[in-house]
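Starting from 1, each residue takes its place in the sequence as its number. Heavy-atom basis, side chains included; hydrogens, waters and symmetry copies ignored. Whatever order the structure lists them in is the order used to number ligands and atoms, beginning at 1.
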Amino acid sequence: MPQSSGARFQFDRRSVEDQNPAATARAAPVPFNRPSLVGRELDNIAEAIRRGQLSGDGHFTAECNAIIARLTGSASALLTHSGTAALEMAAILCDLKPGDEVILPSFTFVSTANAVVLRGATPVFVDIDPRTLNLDPSKVADAVGPRTRAIFAVHYAGFPADMDALAQIADAHGLLLVEDAAQALGSFYKGRPAGSLGDLGAFSFHETKNILSGEGGALTLNTPVLVDRARIIREKGTNRSQFIDGLVDKYTWVDLGSSYLPGELIAAFLHGQLERVDEVTRRRRQLFARYFQSFAALPSRHGIDLPRWSAEVQGNGHMFYLLLRSAAQRSAFIAAMREEGIGTPFHYVPLHSSPGGQRFGRSAGGMEHTDRTAERLVRLPMFFDLEDEIERVIDICLRVVRKLDGSGATC
Ligand SMILES: *Cc1c(COP(=O)(O)O)cnc(C)c1O
């Protein structure tokens, strides 16, 4: 069985990229992401089949819920089929209605905003702090109005947002505070784990995240009154879980809901990954540190910025990014890296300027830091098995940066 070696899946993406002869003339390409087996995923799937329950909420789902609650220091955790589903459940639990508003960053993935829009409520976009790329609490305070019901804070790149400042605003105005912790399993804020910092937290196990099951997610809950309702919402609006627990004698439709739970095969795979979370986080933090040290001279010599984070937070090595000098320099960088066979995608098209954001949301205040960040940011390859390739990625990055600057000078 593959253990820490992290055996690759059979459908290695290189086979696709190998069709590019320009890339194969050089060393093997390095994709942005490559999912690995890290533990007992395949044995667990066989065991789930032996146990005879493939629908959700069986043995492995219960085990995963317990591990996630422990890791995140949250009162309770429920597996979902995606991070998007966890955000949708959070929006239902916030009781959002048409006319209500939710404050969130424009610099995030669409699912943070869609969860709000699906309830008929309005996402109100607020600018980020240019140092942390997370919500700027002073701008959140300015954006609160009579219709505000909740704040959805994103922990970008696995570095938690300034949750004490946001909690203070939420408390002062009676708002719910939701963590979009999709990227933040294993991250800490003032020594407290992501997922324990708000009323609700949404995690993702998409194949690009640290811990993965292809598609997958979890909702963490720290407000006990919401737990029973969350279990009902997740089971199509029925009291099926109370029925299974023997708490009610009929199983029936009692509330709003949908099918938000994953099947047991996904939970079995995820369990194999979660058992190895310490090793996964340790490795990714090392890779992050390797990039960070290797690029230490980029800010002073090339005007390229590196990730910054406050001393109050500890990241989980989810992502390593560079902030190039301009949109034009970034396009040239991505093209030059692609020529070398290295995947360096950007992030995100800001939601306030996207067609969906303009149709469904509105901005509160200026968005200069969001715009400026979104046009400069590139993400570098980051995955469990990068160890053998990271030095080459770093060398190529430095060479490309020097070439773009037209200086052959040593870096
Ligand atoms: C990945 C991600 C999501 C969505 O998670 P899925 O599991 O892909 O649905 C939501 N928000 C953020 C910030 C993410 O990075």
Side-chain angles (χ1 to χ4, degrees), residues 32-33 35 64 68 72 77-92 102-118 123 125-126 128 132-135 150-161 163 166 177-187 189 194-195 197-198 200-220 234 258-263 266-267 269-270 273-274 284 307 313 315-321 345-352 354 356-357 361 370 373-374 377 379 382-383:
F32 167 66
N33 181 56
C64 288
I68 294 164
T72 60
L78 295 169
L79 279 198
T80 57
H81 56 70
S82 64
T84 300
L87 286 163
E88 287 180 21
M89 284 185 65
I92 296 173
V102 172
I103 294 172
L104 59 134
S106 169
F107 190 68
T108 182
F109 189 60
V110 291
S111 295
T112 326
N114 256 330
V116 173
V117 174
L118 282 166
F125 304 119
V126 167
I128 48 173
T132 63
L133 312 192
N134 285 322
L135 272 180
I151 301 168
F152 282 22
V154 177
H155 303 321
Y156 185 73
F159 289 113
M163 293 301 287
L166 294 173
L177 182 55
V178 176
E179 301 175 73
D180 181 339
Q183 304 177 7
L185 189 74
S187 301
Y189 172 82
L197 308 169
L200 299 163
F203 289 84
S204 169
F205 305 116
H206 183 262
E207 73 164 20
T208 51
K209 306 302 202 273
N210 289 23
I211 292 295
L212 57 99
S213 56
E215 306 284 348
L219 180 73
T220 56
R234 180 168 163 275
S258 187
S259 182
Y260 288 123
L261 72 170
I266 290 285
F269 188 104
L270 182 66
Q273 293 256 325
L274 282 169
R284 293 183 76 118
V313 307
N316 61 352
H318 172 60
M319 181 199 302
F320 192 87
Y321 61 83
F346 60 79
H347 231 193
Y348 297 101
V349 175
L351 296 184
H352 75 275
S354 68
T370 297
T373 300
L377 189 141
R379 296 173 289 161
M382 179 60 95
F383 46 85

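If you run ring-ring contact (aromatic ring centres under 6.0 Å, His included) between Phe107 and each of Tyr348, Phe125, Phe346, only Tyr348 comes through.
Shortest non-hydrogen contact noted between Val313 and Pro160 is CG1-O, 3.7 Å. Considering all non-hydrogen atoms of both residues, Ala161 and His155 come closest at N-ND1, 3.0 Å.
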Please lay out, stage by stage, how Thr132 and Phe159 fare under the test side chain to side chain contact (heavy atoms under 4.5 Å, CB included). CA-CA 8 Å; Thr132 63; Phe159 289 113; over 6 Å; no
Are there any protein N or O atoms under 3.5 Å from the N or O atoms of ligand 1? List them with distances, or say none.
residue	atom	partner	partner atom	Å
ligand 1	5 (O)	Ser204	OG	3.3
ligand 1	7 (O)	Gly83	N	2.7
ligand 1	7 (O)	Ser204	OG	2.6
ligand 1	9 (O)	Gly83	N	3.3
ligand 1	9 (O)	Thr84	N	2.8
ligand 1	9 (O)	Thr84	OG1	2.5
ligand 1	11 (N)	Asp180	OD1	3.3
ligand 1	11 (N)	Asp180	OD2	2.8
ligand 1	15 (O)	Gln183	NE2	2.8
ligand 1	15 (O)	Lys209	NZ	3.2

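Checked against the 6.0 Å centroid criterion, the rings of His347 and Tyr156 qualify as a close aromatic pair.
Taken from CG in Asn134 to CD1 in Ile128, the straight-line distance is 8.0 Å, to the nearest 0.5 Å.
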